[in-house]
Peer 1: 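Provided herewith is a single structure, encoded as structure tokens, for subsequent inquiry.
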Amino acid sequence: MNVKEELLKTLAGGDFISGAALAERLGVSRNAVWKAVKSLESEGYVIESVTAKGYRLAESSNRLSESLILSHLQDRSMCSSVRVFDELGSTNITAKELASAGAPDGTVVAAETQTMGRGRLGRSFASPPGSGLYMSVIVRPELELQLCSMITAAAAVAVAEAVENLSGAETRIKWVNDIYMNGRKICGILTEASLGLEMHSLDYAVIGIGVNVSGSFEGELADIATSVEAECGLRPDRNALCAEIIKGLRKYLPTIGERGFLTEYRRREMLTGSEVTTTVGRETLTGKAVGIDDDANLIVELPDGTQRHISSGEANRTRKK
Ligand code: BTN
């Protein structure tokens, strides 16, 4: 970490800290601290400076920052680069463009807001500025094609664990990859893959993650969506959360082959045990969700006792009439 990144991380702690204490902590001169403060200000960070108290990062600096995300990653090999944008149509679209142009495994794209945030099954994903974390990660795992469908389930565990680590609150996973807190959705994941020329291997996958960090929802959405802060009263720092998710992906994606993520997935999965309705192609199935199989498919037991292993789509608890 260079002086500027280390300073930014220290100032983001929320408390005032004197120039002398900063110089000592960072192992540089007070003049070097002052220069780094000026350099951060020129990048748009708002740094409060109060006589006899020192410096701190202003609350208005609550913004996504490449330096702050990297400062939370002790092991820099965890991601090859982070690109933060004020506004994008969709981080997934930009990440796919970068991946097609050769961007390496571990490239992260994040945006303060998305004008065309995309959800699963052709839906849109509301992406207002300041209150959410919208990020996409390019991965190029060496995986047999039939294992690739589990990228999204492994990513769900990574995100669930990251949110729990920073909020202290419990999360659940709704098959396949929605993250819930107290019965409402706080995060959605959209994974898009591109096959290699021979079509039997994965060229890359883009894992798009949208976390509602703060704020609340109105209208129809209020019943189904919520934010981490609304549920647990604590607003995780978005830069720290982004870094924690990157760490989680690095931890769980390599375990797909031996299903190392599945215990944690099954422990959090919330449909198991419920009556569910799911659509498979043109067929609508109603039955009891009885578990998650070793390929992360949802096992649904139909009224005639037969079991179906559902590999994609969406399932919801059946509404009582
Ligand atoms: C869903 O809940 O249906 C999935 C939502 C995925 C949203 C994220 S936000 C970052 C990335 N960019 C997008 O356009 N979508 C994903």
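Along the sequence shown, residues are numbered consecutively beginning with 1. Just so you know, these numbers use all the heavy atoms, side chains as well, and skip hydrogens, waters and symmetry mates. Every number for a ligand or one of its atoms is a count from 1 in the order of the listing.
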Peer 1: Say whether M135 and ligand 1 are in contact under the criterion: heavy-atom distance to a ligand atom below 4.0 Å.
Peer 2: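 Yes, M135 has heavy atoms under 4.0 Å from ligand 1.
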
Peer 1: Mark up the atoms of ligand 1 that fall under 4.0 Å of a heavy atom belonging to G119, in ascending order.
Peer 2: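 The list of qualifying atoms is 1 (C), 3 (O), 4 (C), 5 (C).
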
Peer 1: Between D304 and T306, is any side-chain donor less than 3.5 angstrom from a side-chain acceptor?
Peer 2: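 There is such a pair between these side chains.
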
Peer 1: Any side-chain to backbone donor/acceptor pair from N239 onto L68? Under 3.5 Å, distance only.
Peer 2: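 Not a single qualifying donor-acceptor pair exists.
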
Peer 1: Does a side-chain heavy-atom distance below 4.5 Å link L262 with D294?
Peer 2: yes

Peer 1: Write down the atom of V3, the atom of A36, and the distance for their closest heavy-atom approach.
Peer 2: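 So the minimum-distance heavy-atom pair works out to CG1-CB, 4.2 Å.
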
Peer 1: Tell me: protein heavy atom nearest atom 5 (C) of ligand 1, and distance?
Peer 2: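 So the nearest neighbour among protein heavy atoms is F125 CD1, 3.4 Å.
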
Peer 1: Quick one: does Y134 get an N or O within less than 3.5 Å of an N or O on ligand 1?
Peer 2: no

Peer 1: Taking only heavy atoms of I189 into account, list the atoms of ligand 1 that are under 4.0 Å away from them.
Peer 2: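 This gives 4 (C) as the contact atoms.
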
Peer 1: Are there over 12 heavy-atom neighbours, none belonging to E87, within less than 6.0 Å of that residue's CD?
Peer 2: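 Yes - once you tally the heavy atoms of other residues, nucleotides and ligands closer than 6.0 Å, there are more than 12.
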
Peer 1: Give the atom numbers and elements of ligand 1 that come within less than 4.0 Å of a heavy atom of K185.
Peer 2: 1 (C), 2 (O)

Peer 1: With a 3.5 Å distance limit and no angle check, can you tell me whether E144 reaches the backbone of L147 through a side-chain donor-acceptor pair?
Peer 2: no

Peer 1: Which is it for I209 and ligand 1 at heavy atoms under 4.0 Å: side chain, backbone, both or neither?
Peer 2: backbone

Peer 1: From the options M116, R118, Q114, select the one whose nearest heavy atom is closest to atom 12 (N) of ligand 1.
Peer 2: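 The residue whose heavy atom sits nearest atom 12 (N) of ligand 1 is Q114.
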
Peer 1: How far is atom 3 (O) of ligand 1 from its nearest protein heavy atom, and which residue and atom name does that atom have?
Peer 2: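 Sorting protein heavy atoms by distance from atom 3 (O) of ligand 1 puts R120 N, 2.7 Å first.
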
Peer 1: Taking everything shown except E220 itself, do over 12 heavy atoms lie less than 6.0 Å from its CD?
Peer 2: no

Peer 1: Pull out every atom of ligand 1 sitting under 4.0 Å from any heavy atom of T91, numbered as shown with elements.
Peer 2: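 Close to T91: 10 (C), 11 (C), 12 (N).
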
Peer 1: Check for a donor-acceptor pair, side chain of T279 on one end and backbone N or O of T284 on the other, with a separation under 3.5 Å.
Peer 2: no

Peer 1: By number and element, which atoms of ligand 1 are closer than 4.0 Å to a non-hydrogen atom of G117?
Peer 2: 14 (O)

